[in-house]
Every structure is written in C-alpha cells, then in structure tokens.
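In the text below, chain A, chain B and the rest are named by the order of the sequence lines, each starting its count at 1.
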There are 2 protein chains.
Amino acid sequence: MAKTDTLPPIAHPAREEITVEGVLRALADPVRLAIVRQLAATEHEVACGALTVPVTKSTITHHLSILRQAGVVAGRQEGTTRFNSLRRNDLDALFPGLLNGVLAAQR
Amino acid sequence: MAKTDTLPPIAHPAREEITVEGVLRALADPVRLAIVRQLAATEHEVACGALTVPVTKSTITHHLSILRQAGVVAGRQEGTTRFNSLRRNDLDALFPGLLNGVLAAQR
DNA sequence: GGATAAGTTCGATGAACGTCGTAGTTCGAC
DNA sequence: GTCGAACTACGACGTTCATCGAACTTATCC
C-alpha cells in the first residue's frame with residue numbers, strides 16, 4: 001500500500017566502469033558460464049525463467065545480479081518479466097577476443 | 001635422511017585437460033592476474049622471487065600452484081629456482097583471443 | 001476483488017578461498 | 001660439513017561465496 005514512487009530501472013555499469021577482473025570473476029562459475037552460453041546462443045533476449053540451469057529461481061536471480069553488476073549482461077523489465085541479453089558490444093570493445101575465446105571453448 | 005628417490009618434475013595438465021572454467025577461475029584474482037601480466041610482459045621465464053606482488057612468498061607459491069594446475073603457467077625447476085612462463089600456445093589454441101582480450105584490458 | 005505467475009529480497013548455512021607464519025627440503029657456495 | 005637462499009608443505013584463521021526456502025512485490029488474467 002502506498003508504494004509506487006521510486007523504481008530504479010535496474011542499474012548497469014557504464015562501459016568505462018567495467019573491469020576485467022570483475023568480468024573474469026563473473027564468468028568463473030559453472031552456472032553463470034552456462035547462463036552466458038545460453039544468452040550467446042540466441043539472438044533474442046531471454047527471460048530468467050527460460051534459462052535452464054540446475055539451481056533455484058532465487059539463485060538464478062543472484063547470479064544474474066552478479067553478471068549485471070560485472071557488466072556482462074543487460075536486463076530490461078517488461079511487466080513481471082525480466083529480459084536478459086549479453087553486452088557483446090561493450091565486452092568486445094573493452095576486451096577484444098575475450099568473449100569469443102570463452103565461447104569457443106569445447107570445455 | 002634417506003629420501004632421494006621420487007621427485008615429480010612438477011605436474012602440469014596436458015593441453016586437452018585444460019578447461020575454460022579452470023582458466024577463468026585462475027585469472028579471477030588480482031594477485032594472479034598481476035602475475036600473468038608480468039609473465040606476459042617479458043619473453044623470458046621469471047623466478048618466483050622476481051615477481052612483484054604484495055603478498056608473502058608462501059602465498060605466491062600457492063597462487064602459482066593454482067595457475068599451474070589450471071594450465072595457465074608452466075614451471076621448470078633449475079637448482080632451487082623455479083622458472084615460470086605463460087602457456088601462450090596452449091591457451092591460444094584452446095581459447096583463441098581470450099588471453100589477448102585479458103591482456104588488452106586497461107583495467 | 002481474488003488468484004496466479006515471474007522475480008526479488010532476506011536470512012541462514014556450509015563450503016571454498018586468500019592470507020599468513022612456521023617448519024621443512026633442496027641446492028649451491030664457502 | 002655448515003650456512004644461506006629459494007621455494008614448498010602444512011595448519012590456522014577470517015572472509016567471501018553459492019545455495020536454499022520462505023516471505024514479499026508487482027503485474028496479468030478471470
């Protein structure tokens with residue numbers, strides 16, 4: 001009740017604020033790596049619930065938050081659904097080759 | 001006394017055993033990233049003691065062990081000194097662009 | 001309005017991690 | 001043989017991290 005004023009549209013770091021270490025830390029987890037791979041495999045945005053990872057929904061939220069803070073993924077709210085996408089442009093501009101190298105890995 | 005039989009020459013993973021996740025985990029630490037940058041900055045091998053990082057020697061040993069197990073650096077023993085070098089060839093073959101992207105980072 | 005669906009927030013818990021100091025080993029020099 | 005240098009191995013300690021369940025918010029649909 002009475003609570004419809006401020007609603008920060010999420011909060012992502014600007015391109016200049018993204019650090020390698022942050023990105024590497026964000027990618028250094030099997031679940032998050034799986035999420036990034038799934039986002040990279042499609043052209044479209046992906047909803048949280050459409051990700052297939054072996055953890056709870058609250059844990060997915062946590063991982064997406066870390067990926068967002070690191071500047072790896074972007075999130076867009078639409079109704080009760082949050083659409084996520086890879087920040088390819090920014091990552092490629094800052095660390096050319098990094099993302100491709102990670103995605104090229106067979107294991 | 002009486003202990004001069006087995007002395008494993010260190011133990012590195014074969015190229016096929018290196019995983020992206022292991023490499024990313026290994027790189028996701030400021031001290032280890034600094035070590036990798038110093039190794040990348042020179043053509044020569046670097047002794048543990050010649051690395052300039054703000055931690056104790058035993059901690060350096062620990063970090064180098066992690067980097068070695070992940071397949072990021074190679075170590076060669078010579079007397080009491082251990083010379084370390086980046087496994088550029090292997091990393092570039094497995095994850096083309098990854099290392100360059102990391103090293104290209106301004107921060 | 002009520003019900004449902006999609007995410008988030010908030011502890012709590014147990015595991016993994018980075019750091020250090022001390023002790024130990026191995027080699028080279030005296 | 002003795003000494004020092006270069007690391008390594010082993011505990012120990014404190015912090016960070018991934019995970020979960022339960023409660024909550026917000027929007028959509030009937």
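Rounding to whole angstrom units, CG of residue B/Leu51 and P of D/dT8 are separated by 11 Å. The NE2 atom of A/His62 sits 7 Å away from the C1' atom of D/dC17 (whole-angstrom rounding). The distance from atom CD of B/Gln69 to atom C1' of C/dG18 is 15 Å, rounded to the nearest whole Å. Per the geometry, CG belonging to B/Leu64 stands 13 Å off P belonging to C/dG18, to the nearest Å. Spacing between atom CZ of B/Arg76 and atom C1' of D/dA6 amounts to 15 Å, rounded to whole angstrom units. Distance CG (A/Asp29) to P (D/dT16): 18 Å, rounded to an integer number of Å. One atom, CD of A/Glu78, and another, P of D/dA27, lie 13 Å apart when rounded to the nearest Å.
Side-chain atoms of A/Thr81 do not come within 3.5 Å of backbone N or O of A/Gln77 as any donor-acceptor pair. Distance alone, capped at 3.5 Å, places no donor-acceptor pair between the B/Asn84 side chain and the B/Gly75 backbone. Within the 3.5 Å criterion, the main-chain N or O of A/Ser58 finds no donor-acceptor partner in the side chain of A/Thr56.
Nucleic acid contact class of A/Ile66 (heavy atoms, under 4.0 Å, all strands): sugar-phosphate only. In this structure, B/His63 reaches the sugar-phosphate backbone alone: every heavy-atom distance under 4.0 Å involves primed, P, OP1 or OP2 atoms, never a base.
Residue A/Ala70 comes nearest to A/Gly22 through the heavy atom pair CB-O, 3.7 Å, listed as atom of the first residue, atom of the second, then distance. Annotation for A/Phe95 and A/Ile18: closest pair CE1-CG2, 4.0 Å, computed over non-hydrogen atoms.
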Protein proximity profile, nucleotides 2-7 of chain C - base contact B, sugar-phosphate-only contact S, no contact -, cut-off 4.0 Å on heavy atoms: ----SS
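Here A/Arg25 does not reach the OP1 or OP2 of D/dT16: none of its side-chain N or O atoms lies under 4.0 Å away. Of the side-chain N and O atoms in A/Ser58, none sit less than 4.0 angstrom from OP1 or OP2 of C/dT8.
With sequence neighbours excluded, the residues satisfying side chain to side chain contact (heavy atoms under 4.5 Å, CB included) with A/Gln69 are A/Ser65.
Within the structure, every pair that satisfies the side chain to side chain donor-acceptor pair (under 3.5 Å) test and touches residues 22-40 of chain A, not counting sequence neighbours, is listed here: A/Arg32-A/His63, A/Gln38-A/Thr52.
With hydrogens and angles ignored, no donor-acceptor pair closer than 3.5 Å exists between the side chain of A/Thr56 and the base of D/dG21.
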